[in-house]
Amino acid sequence: NAGVTQTPKFRILKIGQSMTLQCAQDMNHNYMYWYRQDPGMGLKLIYYSVGAGITDKGEVPNGYNVSRSTTEDFPLRLELAAPSQTSVYFCASSYGTGDADTQYFGPGTRLTVL
Amino acid sequence: AQSVTQLGSHVSVSEGALVLLRCNYSSSVPPYLFWYVQYPNQGLQLLLKYTSAATLVKGINGFEAEFKKSETSFHLTKPSAHMSDAAEYFCAVSDQGGGFKTIFGAGTRLFVKA
């Protein structure tokens with residue numbers, strides 16, 4: 001199993017550009033998550049999904065959009081990139097048994113907006 | 001509301017010394033508690049988790065943590081540090097029965113000196 005994969009690994013965007021961060025998992029997990037990690041701030045939840053076709057906002061959703069058309073894929077869309085979106089983005093997934101789920105993380109995408 | 005506080009953004013120990021990483025949580029209902037480790041340029045991976053069974057939880061790589069309800073703490077320990085333990089460690093909490101959203105602490109970076 002590849003686990004959780006993310007592409008690209010690195011990206012530099014200009015202010016106002018758009019991009020999609022890709023995330024895929026091959027563990028047949030129901031739940032998927034997008035986090036951003038800023039230095040000294042831990043991880044903040046952007047969006048999450050409990051299954052195909054079902055998504056909801058996390059703590060910091062502004063400036064982002066998601067979709068979940070299949071169990072495997074959970075892309076994150078940035079519209080009109082801003083310097084405040086410079087961060088490391090992690091996708092994660094979990095089986096969905098409940099609150100004690102172990103989350104499995106991808107290797108991250110480092111995004112810089114200039 | 002849930003919250004997690006990790007005391008000390010950086011901890012430095014000598015190889016062979018005791019590792020102690022501190023975590024205090026706040027939760028209005030019984031919590032599930034996690035420790036994740038992040039090695040450089042990688043995603044997070046689970047070290048151990050508390051799910052209301054035994055209060056002393058053993059994890060991978062010789063780490064363990066003890067849930068102390070009276071102190072609202074879940075400190076991570078390892079008797080003897082190894083160079084390979086150098087990484088960033090995150091404490092996290094989610095509510096039992098309150099959904100699957102997990103709140104992460106800001107992280108503690110562990111340095112191991114030869």
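Quick caveat, the model's predicted, so the values are computed rather than measured. Convention: sequence-line order gives letters A, B, ...; per-chain numbering from 1.
More than 12 non-hydrogen atoms from other residues, nucleotides or ligands lie less than 6.0 angstrom from CD1 of A:Ile54. Within a 6.0 Å sphere centred on CZ of B:Phe67, heavy atoms belonging to other residues, nucleotides or ligands number more than 12.
Minimum heavy-atom separation, B:Ala106 to A:Gly40: CB-O, 3.4 Å.
Residue B:Thr102 holds its OG1 atom at 11.5 Å from OH of A:Tyr48, rounded to the nearest 0.5 Å. One finds the CD atom of B:Gln42 at 9.5 Å from the CZ atom of A:Phe90 (value rounded to the nearest 0.5 Å). From B:Lys49, atom NZ reaches atom CG of A:Asp101 across 6.5 Å, with rounding to the nearest 0.5 Å.
By the criterion of side-chain heavy atoms lying less than 4.5 angstrom apart, applied directly or through intervening Ile, Leu, Val, Met, Phe, Trp or Tyr residues, B:Leu18 is not grouped with B:Phe111; the two fall into different hydrophobic clusters. Note on A:Val113 and A:Val60: same hydrophobic cluster, where clusters join Ile, Leu, Val, Met, Phe, Trp and Tyr whose side-chain heavy atoms are under 4.5 Å apart, directly or indirectly. A continuous path of hydrophobic side-chain contacts links B:Phe63 to B:Trp35 [ILVMFWY only; heavy atoms under 4.5 Å]. Neither B:Leu46 nor A:Tyr104 shares a network with the other; the hydrophobic side chains, linked directly or stepwise wherever heavy atoms of I, L, V, M, F, W or Y lie under 4.5 Å apart, form separate groups for each. Residues B:Ile103 and B:Leu48 fall within the same hydrophobic cluster, defined by Ile, Leu, Val, Met, Phe, Trp and Tyr side chains chained together at heavy-atom separations under 4.5 Å.
With a 4.5 Å cut-off on non-hydrogen atoms, A:Glu59 does not touch chain B at all. Using a 4.5 Å cut-off between heavy atoms, B:Gln6 makes no contact with chain A at all.
Using a 4.5 Å cut-off on side-chain heavy atoms (C-beta onward), A:Met41 and B:Phe104 make no contact. Counting heavy atoms from C-beta outward, A:Leu43 and B:Leu44 have side chains that approach closer than 4.5 Å.
Side-chain N or O atoms of B:Tyr36 include one that pairs as donor or acceptor with a backbone N or O of A:Gln103 at under 3.5 Å.
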